[in-house]
Amino acid sequence: MAIPVHRLAQATAVALQRWRDANPNCATGDDPRSSDNGLLLLFHGSLAHAAEYAWQNAGRTLVDKTYLRILFSGAALDYQGLSADELAARLDGFIREQLVPRWQALQENADDALRGRLIEALEVALFGERGSGDAASQLLFWLCPRLSLHPQGGARARGLAMLADGQLGLDSGDYQHACDALLLEMPLLPAPRQFAGNSDQQCRVRQLIENSDWWRRRVLAEWLDQLGRSPA
């Protein structure tokens with residue numbers, strides 16, 4: 001699969017806009033927490049904060065149900081009949097069982113050895129069975145941004161299939177490995193230079209952007225989504 005580099009400029013521009021602006025598909029479209037910067041603060045920021053306090057959160061879930069509503073609404077993810085309260089409780093159990101013991105490793109540009117197991121484990125934890133991986137990969141993308149993982153969902157799978165001339169399998173593993181190959185072809189890209197939050201939050205996010213491939217994966221996801229929504 002070849003990546004048309006000249007199309008990345010458009011995807012990067014959209015990604016930069018979504019970094020700073022509220023997601024128009026989320027509620028009234030003006031909640032700054034729904035921007036990409038905001039989502040990192042809600043999800044990864046919540047876990048980073050909890051880690052500093054021995055994972056204690058005064059009896060509340062580590063990720064608030066409101067944050068899940070923001071993500072699921074903005075990304076058009078399927079609740080599969082569950083309430084936001086139920087999802088938050090199930091996600092909390094997954095975090096404490098699967099992420100907390102691995103937290104340090106997940107802060108060090110973790111490789112892809114874990115991602116397949118974590119996607120599958122989170123799908124089972126949330127919905128009781130393996131699924132498409134869309135919701136799990138989206139959640140893990142924001143919870144553990146240094147994990148070498150590509151968010152699924154939207155029109156991205158169709159975009160990737162178009163590049164592969166329909167020869168790509170449909171499971172999550174195929175999707176992740178195909179995106180890995182595309183990522184290797186991507187050049188350096190303009191990255192965010194402004195960050196929301198307090199000084200500690202800004203520093204944490206800036207270091208993530210500068211010292212990991214998260215932003216390149218985010219732009220790749222945007223480009224695949226644009227490609228998948230284009231006429232065949």
task: List the steps, then state whether side chain to side chain contact (heavy atoms under 4.5 Å, CB included) holds for W142 with W214.
output: CA-CA 10 Å; W142 300 106; W214 183 88; 3.4 Å; yes
task: Dump the intermediate steps for side chain to side chain contact (heavy atoms under 4.5 Å, CB included) on L71 and C26, then the final yes or no.
output: CA-CA 8 Å; L71 175 61; C26 181; over 6 Å; no
task: Could you please spell out the steps behind the side chain to side chain contact (heavy atoms under 4.5 Å, CB included) verdict for S230 and L227?
output: CA-CA 5 Å; S230 64; L227 179 63; 4.1 Å; yes
task: Check the pair L140 / R115 against side chain to side chain contact (heavy atoms under 4.5 Å, CB included), numbers first and verdict last.
output: CA-CA 9 Å; L140 287 167; R115 69 184 178 193; over 6 Å; no
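Scanning for ring pair (Phe, Tyr, Trp, His ring centres under 6.0 Å) contacts around W55 gives W103, with sequence neighbours left out. Listed by chain and residue number, D213 satisfy the salt bridge (Lys or Arg N to Asp or Glu O under 4.0 Å) test with R217 (two or more places apart in sequence, or in another chain). With sequence neighbours excluded, no residue forms a salt bridge (Lys or Arg N to Asp or Glu O under 4.0 Å) with D30. F43 meets the ring pair (Phe, Tyr, Trp, His ring centres under 6.0 Å) test with no other residue; sequence neighbours excluded. Listed by chain and residue number, E222 satisfy the salt bridge (Lys or Arg N to Asp or Glu O under 4.0 Å) test with R18 (two or more places apart in sequence, or in another chain). Residues meeting the side-chain hydrogen bond (donor to acceptor under 3.5 Å, both in side chains) test with R96, sequence neighbours left out: D92. For R20, the salt bridge (Lys or Arg N to Asp or Glu O under 4.0 Å) test picks out no residue, with sequence neighbours left out.
In this structure, the side chains of T61 and Y67 stay at 4.5 Å or more apart for every pair of heavy atoms. Side-chain atoms of L163 and L182, non-hydrogen and from C-beta on, do get closer than 4.5 Å to each other. Side chains of M186 and W223 form no contact here, defined as non-hydrogen atoms less than 4.5 Å apart. Contact check for L82 versus F127: side-chain heavy atoms found under the 4.5 Å cut-off. Under the 4.5 Å side-chain criterion, counting only non-hydrogen atoms from C-beta, Q80 is not in contact with L126. In this structure, Q226 and V14 have side chains that are in contact, with non-hydrogen atoms separated by less than 4.5 Å.
Considering every non-hydrogen atom in both H150 and L183, the closest pair reads CE1-CD2, 4.1 Å. Taking each heavy atom of P192 and I209 in turn, the nearest pair found is CD-CG2, 4.1 Å. The nearest pair of heavy atoms linking A15 to D36 is O-OD2, 4.5 Å. Residues W215 and A191 share a closest heavy-atom pair of NE1-CA, 3.6 Å. Between N23 and N25, the shortest heavy-atom contact is OD1-N, 2.8 Å. Between L62 and A50, the shortest heavy-atom contact is CD2-CB, 3.7 Å.
In this structure, S35 contributes its side chain and P32 its backbone to a donor-acceptor pair below 3.5 Å. At distances below 3.5 Å, not a single donor-acceptor pair connects side-chain atoms of R216 with backbone N or O atoms of L188. At distances below 3.5 Å, at least one donor-acceptor pair connects side-chain atoms of H44 with backbone N or O atoms of L143. Although no hydrogens or angles enter the test, the distance criterion places no donor-acceptor pair under 3.5 Å between the side chain of Q152 and the main chain of A135. When atom types are taken as modelled, the side chain of R206 and the backbone of Q202 share no donor-acceptor pair closer than 3.5 angstrom. Formation of a donor-acceptor pair under 3.5 Å by the W19 side chain with backbone atoms of R193 is not found in this model. Of the possible polar contacts, none joining the Q56 side chain to the Y53 backbone as a donor-acceptor pair under 3.5 Å is found. Put simply, the side chain of Q138 never gets that close to the backbone of P151: no donor and acceptor are under 3.5 Å apart.
Interatomic distance, CG of L39 versus OG of S34, reported as 6.5 Å (0.5 Å rounding). Distance check: L42 CG to T66 OG1 gives 9.5 Å after rounding to the nearest 0.5 Å. The CG atom of L91 lies 6.5 Å from the CG atom of L122; values are rounded to the nearest 0.5 Å. Taking CD from E108 and CG from L147, the interatomic distance works out to 13.0 Å, rounded to the nearest 0.5 Å. Atoms OG and CG, from S137 and L118 in turn, are 12.0 Å apart once rounded to the nearest 0.5 Å. Annotation: the span from N57 atom CG to S46 atom OG amounts to 8.0 Å, rounded to 0.5 Å.
Listed by first and then second residue, the salt bridge (Lys or Arg N to Asp or Glu O under 4.0 Å) pairs that reach into residues 69-90 are K65-D85, sequence neighbours excluded. Among residue pairs with one or both ends in residues 186-213, none qualify as ring-ring contact (aromatic ring centres under 6.0 Å, His included); sequence neighbours excluded. Applying the salt bridge (Lys or Arg N to Asp or Glu O under 4.0 Å) rule to pairs touching residues 45-60 yields E52-R204, sequence neighbours excluded. Applying the salt bridge (Lys or Arg N to Asp or Glu O under 4.0 Å) test to residues at least two apart or on different chains, none of the pairs has a partner in residues 39-50. Residue pairs meeting the salt bridge (Lys or Arg N to Asp or Glu O under 4.0 Å) criterion with at least one partner in residues 124-134, sequence neighbours excluded, are E120-R130.
For E210, the CD atom counts as densely surrounded, since its 6.0 Å shell holds more than 12 non-hydrogen atoms of other residues, nucleotides or ligands. Around the CZ atom of R102, the shell of radius 6.0 Å holds more than 12 heavy atoms that belong to other residues, nucleotides or ligands.
Residues V124 and I119 fall into different hydrophobic clusters, defined by Ile, Leu, Val, Met, Phe, Trp and Tyr side chains chained together at heavy-atom separations under 4.5 Å.
A salt bridge between D225 and R158 is absent, with no side-chain N of the basic residue lying under 4.0 Å from a carboxylate O of the acidic one.
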